[in-house]
Amino acid sequence: DTAVSQTPKYLVTQMGNDKSIKCEQNLGHDTMYWYKQDSKKFLKIMFSYNNKELIINETVPNRFSPKSPDKAHLNLHINSLELGDSAVYFCASSRGGGETQYFGPGTRLLVL
Amino acid sequence: RKEVEQDPGPFNVPEGATVAFNCTYSNSASQSFFWYRQDCRKEPKLLMSVYSSGNEDGRFTAQLNRASQYISLLIRDSKLSDSATYLCAQGTGGFKTIFGAGTRLFVKA
């Protein structure tokens, strides 16, 4: 049973398009995150949510809009995709802030 | 200065060798520290948490040095399967965990 799942696994799209990535966790955790891992493998926090509330927005462009319909889900919508958005996006969850994080398998986004 | 810094490597070691990685952090108020392992094209997975007293799990030993603000990971008797990228992470006490850029390890037969 997958603890943290993401869909889609791969996403290839044209510049200017809008796309969404979905994330679900079945661990009963209160906190969820979105990370971006670029070609240099640097894993950078984008957003963190606790009990469906946005806690951290790490100076991410407004084109990125997270949404948490409930504690088990955290989706990411991206408007007007740019070449520089190409990366692997990881969703993660933890019981609370500062605790062990469990990552989803990642979504590989390629913007052409 | 980056908040969490690691030597990117790569470290190339033979099977059976002992290898150690360090990771320095700048936020002295940090409460929690971790080592994660990331295999190629996979997600990071927790290897071990790092406690003030240090901790050991089989061939892996993690240490925390608050005075010098670094954490370390020691791998004894390296196996081929230990080849991966090792990420250190620092919990800042809120809902933000900062990851280092990772250290690549290659263990060769």
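Labels below follow one simple rule: chain letters A, B, ... track the order of the sequence lines, proteins then strands, and each chain is numbered from 1.
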message = Sort by residue number and list every residue of residues 61-80 of chain A having at least one heavy atom under 4.5 Å from chain B.
response = none
query = Quick one: what part of B:Gln90 sits under 4.5 Å from any heavy atom of chain A, side chain, backbone, both or neither?
reply = neither
ask   = So, A:Ser86 side chain and A:Val111 main chain: donor-acceptor pair closer than 3.5 Å or not?
value = yes
ask   = B:Ala89, B:Ala101, B:Gly91: which one forms the most heavy-atom pairs within less than 4.5 Å of chain A?
value = B:Ala101
query = Nearest 0.5 Å, what's the CG-NZ distance between A:Leu81 and A:Lys19?
reply = 8.5 Å
message = As an exercise, state the distance from CH2 of A:Trp34 to SG of A:Cys91, rounded to the nearest 0.5 Å.
response = 4.5 Å
request  = Please state whether the side chain, the backbone, both or neither of B:Lys42 comes within less than 4.5 Å of a heavy atom of chain A.
outcome  = backbone
message = Can you tell whether the side chains of A:Lys36 and A:Glu58 come within less than 4.0 Å, N to carboxylate O?
response = no
Residue among A:Gln37, A:Lys40, A:Gln101, A:Lys44 with most heavy-atom pairs under 4.5 Å to chain B = A:Gln101
query = Would A:Leu83 and A:Phe42 show up in the same hydrophobic cluster when neighbours are defined by side-chain heavy atoms closer than 4.5 Å?
reply = no
message = Less than 4.5 Å to any heavy atom of chain A: does that hold for the side chain of B:Thr97, its backbone, both, or neither?
response = both
remark   = residues 68-109 of chain B vs ring-ring contact (aromatic ring centres under 6.0 Å, His included), sequence neighbours excluded, gives A:Tyr35-B:Phe99, A:Phe103-B:Phe99, B:Phe21-B:Tyr86, B:Tyr36-B:Phe99
query = So which part of A:Leu43 gets closer than 4.5 Å to some heavy atom of chain B, the side chain, the backbone, both or neither?
reply = both
Heavy-atom proximity to chain B below 4.5 Å, by part of A:Thr31 = side chain
inquiry  = Same cluster or not: A:Ile45 versus A:Phe47, using hydrophobic residues (I, L, V, M, F, W, Y) connected whenever any side-chain heavy atoms lie under 4.5 Å apart?
reply    = no
Separation between SG of B:Cys23 and CG of B:Leu87, rounded to the nearest 0.5 Å = 9.5 Å
ask   = Do the side chains of A:Tyr33 and A:Tyr102 join up, straight or via other hydrophobic residues, at under 4.5 Å, putting them in one cluster?
value = no
